[in-house]
Amino acid sequence: MASPAVCSVLFILAAFAAASARAATFTITNNCGYTVWPAGIPVGGGTQLDQGQTWTVNVPAGTSGRFWGRTGCSFNGGSGHCDSADCGGALSCTVSGQPPATLAEFTIGGAQDYYDISVVDGYNLPMAFSCSTGVGLVCREPSCPDAYQFPTDDTKTHACSANSNYQITFCP
């Protein structure tokens, strides 16, 4: 019979393996005719995407967060400024972008994942957001029907089966 310490270590390793298996992959594509600087929290990061380029981010289970696109950015090293959705002048965001910002919001983990598009913080870019096993959402203008328009609107969240992957497209 294994010692309690060995059992504890095996349990922790099994839990870690199960959580790792639940990670979701987000593929973010820029179809705009101009450069977009996508960012996300709490997954960190930010990058420059020229037209047609893609950024892939793995998001662990148990994560709630958002991705958004920034426009009109200029960076020198890791600091600078964006005309829309700027996040404190950082290339790699640790805080949400300032309005206006079209948001792709998500919660990964549990029996189902949840996702939505929000323009509660304003609208700065057309966006499509879909999961591999659910409904595709499109927001082409500020008054689009697929996006949250105000904070108490709970009809715009969509469920996706666990272990899904996601696609975010700017200028779909």
Side-chain angles (χ1 to χ4, degrees), residues 16 19-20 22-109 113-132 136-144 146-151 153 156-158 160 164-172:
F16 178 74
S20 297
R22 294 284 326 279
T25 300
F26 283 73
T27 303
I28 302 167
T29 303
N30 178 16
N31 280 350
C32 300
Y34 47 88
T35 301
V36 174
W37 287 262
I41 59 169
V43 295
T47 190
Q48 175 180 326
L49 288 184
D50 294 324
Q51 183 178 10
Q53 288 185 322
T54 298
W55 181 38
T56 303
V57 179
N58 291 318
V59 177
T63 302
S64 291
R66 53 181 50 175
F67 285 103
W68 66 95
R70 299 171 290 170
T71 60
C73 299
S74 175
F75 291 103
N76 183 4
S79 63
H81 174 77
C82 297
D83 292 338
S84 73
D86 187 64
C87 56
L91 173 61
S92 184
C93 298
T94 57
V95 296
S96 288
Q98 294 298 307
T102 308
L103 303 174
E105 300 175 317
F106 60 87
T107 298
I108 306 299
D113 296 342
Y114 295 94
Y115 65 105
D116 66 76
I117 294 176
S118 173
V119 293
V120 171
D121 291 340
Y123 171 89
N124 72 323
L125 280 172
M127 176 189 290
F129 188 20
S130 61
C131 80
S132 56
L137 308 173
V138 179
C139 176
R140 287 193 168 86
E141 57 187 47
S143 61
C144 63
D146 281 345
Y148 274 94
Q149 305 265 331
F150 50 93
D153 179 6
K156 306 298 182 182
T157 299
H158 296 274
C160 202
S164 293
N165 292 312
Y166 295 84
Q167 174 71 43
I168 298 171
T169 303
F170 298 116
C171 301

Asker: Tell me every residue that passes side-chain hydrogen bond (donor to acceptor under 3.5 Å, both in side chains) with S64, counting only those two or more places apart in sequence or in another chain.
Answerer: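 Residues passing side-chain hydrogen bond (donor to acceptor under 3.5 Å, both in side chains) with S64: T107.
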Asker: For the side chain of N31 and the backbone of P172, is there at least one donor-acceptor N/O pair under 3.5 Å apart?
Answerer: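 Checking the backbone N and O of P172 against the side chain of N31, no donor-acceptor pair under 3.5 Å is found.
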Asker: Check side-chain contact (heavy atoms from CB on, under 4.5 Å) between S79 and all other residues, then give those that pass, not counting sequence neighbours.
Answerer: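 Checked S79 against side-chain contact (heavy atoms from CB on, under 4.5 Å); zero matches.
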Asker: Please collect all salt bridge (Lys or Arg N to Asp or Glu O under 4.0 Å) contacts where either partner lies in residues 55-67, sequence neighbours excluded, each pair once.
Answerer: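 Applying salt bridge (Lys or Arg N to Asp or Glu O under 4.0 Å) to every pair that reaches into residues 55-67, excluding sequence neighbours, yields R66-E105, R66-D121.
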Asker: Sequence neighbours excluded, which residues qualify as disulfide (SG to SG under 2.5 Å) partners of C131?
Answerer: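 For C131, the residues satisfying disulfide (SG to SG under 2.5 Å) (neighbours in sequence not counted) are C160.
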Asker: Using modelled atom types and a 3.5 Å cut-off, is there a donor and acceptor pairing between side-chain atoms of D146 and backbone atoms of V138?
Answerer: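 It does hold such a pair.
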Asker: Restricting to side-chain hydrogen bond (donor to acceptor under 3.5 Å, both in side chains), what partner residues turn up for Y166, sequence neighbours left out?
Answerer: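 Listed in chain order: D113.
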Asker: Any ring pair (Phe, Tyr, Trp, His ring centres under 6.0 Å) involving residues 78-105? Give me the pairs, sequence neighbours left out, ordered by first then second residue.
Answerer: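 As it turns out, there is no ring pair (Phe, Tyr, Trp, His ring centres under 6.0 Å) pair with a partner in residues 78-105 once direct neighbours are skipped.
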Asker: Would you list the pairs meeting salt bridge (Lys or Arg N to Asp or Glu O under 4.0 Å) in which at least one residue belongs to residues 74-83, sequence neighbours left out?
Answerer: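 Listed once each, the pairs would be none.
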Asker: Can you find a heavy atom in the side chain of S96 that is under 4.5 Å from one in the side chain of I41?
Answerer: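 Yes, close enough: below the 4.5 Å cut-off.
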Asker: Which residue pairs pass the side chain to side chain donor-acceptor pair (under 3.5 Å) test with at least one member in residues 68-78, sequence neighbours excluded?
Answerer: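 For residues 68-78: T71-S84.
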Asker: Excluding sequence neighbours, so at least two apart, what forms side-chain hydrogen bond (donor to acceptor under 3.5 Å, both in side chains) with T157?
Answerer: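 Checked T157 against side-chain hydrogen bond (donor to acceptor under 3.5 Å, both in side chains); matches are Y148.
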Asker: Suppose we screen for ring pair (Phe, Tyr, Trp, His ring centres under 6.0 Å). Which residues come up paired with F106, at least two apart in sequence or across chains?
Answerer: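 Residues passing ring pair (Phe, Tyr, Trp, His ring centres under 6.0 Å) with F106: F26, F67.
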Asker: What residues form a disulfide (SG to SG under 2.5 Å) with C82, not counting sequence neighbours?
Answerer: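 Checked C82 against disulfide (SG to SG under 2.5 Å); matches are C73.
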Asker: Tell me every residue that passes side-chain hydrogen bond (donor to acceptor under 3.5 Å, both in side chains) with Q48, counting only those two or more places apart in sequence or in another chain.
Answerer: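 Only D50 meet the side-chain hydrogen bond (donor to acceptor under 3.5 Å, both in side chains) criterion with Q48.
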Asker: When you look at Y34 and C171, which way does the side-chain contact (heavy atoms from CB on, under 4.5 Å) test go after all the steps?
Answerer: CA-CA 10 Å; Y34 47 88; C171 301; 3.7 Å; yes
